[in-house]
Amino acid sequence: MSVVSEGAAKRPSIINPGRFAGIADRAVPILGVATVLALAVGLYLALWASPEDYQQGSTVRIMYIHAPSAYISLMAYLVMCSASLGTLVWRHPLADVAARCAAPIGAVFTVATLATGAIWGKPMWGAWWVWDARLTSMLILFFMYLGLIALVRAIDEPVRAARITAIATLIGFVNIPIIKFSVDWWNTLHQGASVIRLDGPAMPASMLTPLLVMALAFTLLFMTLHLAAMRTELIRRRARSLRLRTARSAG
Amino acid sequence: MLALYMRDVRLAWSAGGGGGVGVIFYLAVTAVAPFALGPDLPLLARIGPALLWIAMLLALLLGLERLFQADHEDGTLDQLRLADTPLVLVVLAKAAAHWTAAALPLIAATPLAGILLNLPPGLLAVTLASLVLGTPALALIGAVGAALAVTLRRAGVLIAVLVLPLSIPVVIFGVGAVEAAAAGRAVGPPFALLGATTLLFAVLGPIAAAAALREAD
């Protein structure tokens, strides 16, 4: 399987894109199976085996989708930031592919977070949307994803698109701590952090276990989607370079 | 650098009266708000500072597209890149010029806009202080957006999409300071946060913008 352009092999690279494509080919099915298994276990634990909340009843189970989505939407941005560093510092071609492919996935998980949050908010707070710090900052994260996708598509030349988007991504990192700590800094409607806390999780094990399994499942899902998207992008670039070469030799 | 700053300010003012049009836009936005909200003077006084901040944000987006694009088109940008002055300082000078040419007239027009919104003098003073402290951050963020989109045609909307999410902390702290003053709370903490945001972008903004400009060939 060689989905790499000729130039890539000559570039000084830590991971050769060709070897990466081979690894991705093998890893995607394995990760896919692992994701399905983890999701099955996680969903069973979350939807049937976990107890109802004494206040929120069954609606608390929205959490098992909502919280992992939120975590992935932030993690996707962190992946984009580290990939952007890779683009800017080492000019690694794979880093650019990684950053570009993480953006739509991150945007989708942000939408999932906002949607499940709204569905959860309607019975709990009596409104689909409240102007709360956490909600608003997640919406901003969504806009940032859309802005970055628009930027990378607006520039025709791939190398420059990658580097300019990388700079924009890193500047946008300023907002990530604001999103993470918004519930601690502004005491608004959204509940505070309950898993990662200095004094340990504020949650019984019967709820924490399904949540962690779901978080693992979502991480696997992200890795599967991201690797698959990266592989597709590499093939697309290969096709583009072939097309360009054909056009050159024809003309 | 000083020469560059003076040149940019002069250019901005001579090119179709950029600053003047901005002021008219700013006043027009604040004057439209009462039509949308109804002539309820207490309500206007309450949300006035927030309206001024939004109008300021929109007005500052106006000239952003041309901040580096004109220099890119006529080759000045290449000259600036080759010059001895580090590009980071060039960006800082141009952002300062943008602030002087675009934001300063708006701040000067704010008392007039404050009258339109029935703002009491005390709050007007706090609003002015928050604008003086916060608008440099907006200019610096704007410079990053302008630098990222320097080679694109019709980059205006894209710049707005990139710049507005980053501007939100500035607006939050700016309006927060005025709200604290209106509620009789201490204005120190929000002002400190606003100043910190400005300083943060004073460091990050030029570095990022210069990096983006180096990519533009």
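Each chain gets a letter, A, B and so on, in the order its sequence line appears, and its residues count up from 1.
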Search all heavy atoms of A:Ala168 against all heavy atoms of B:Leu148 and return the closest pair with its distance. CB-CD1, 3.5 Å

Shortest non-hydrogen separation from A:Ala154 to B:Leu158 and the atoms involved: CB-CD2, 3.9 Å

Enumerate by number any residue of residues 193-207 of chain B whose heavy atoms lie under 4.5 Å from heavy atoms of chain A; in the absence of such residues, state 'none'. B:Leu200, B:Phe201, B:Leu204

Rounded to the nearest 0.5 angstrom, the OG1-CG distance for A:Thr165 and B:Leu162 is 9.0 Å

How long is the gap from CD1 on A:Ile140 to CD1 on B:Ile168, to the nearest 0.5 Å? 3.0 Å

In terms of heavy-atom pairs under 4.5 Å, which option from A:Val174, A:Leu170, A:Ile167, A:Leu141 contacts chain B the most? A:Ile167

Over 12 non-hydrogen atoms of neighbours within 6.0 angstrom of CE in A:Met223: no

Does CZ belonging to A:Phe173 count more than 12 external heavy atoms closer than 6.0 Å? no

Check whether any side-chain heavy atom of A:Ile171 lies under 4.5 Å from a side-chain heavy atom of B:Leu166, and answer yes or no. yes

Where on B:Pro169 is there a heavy atom nearer than 4.5 Å to chain A: the side chain, the backbone, both, or neither? side chain

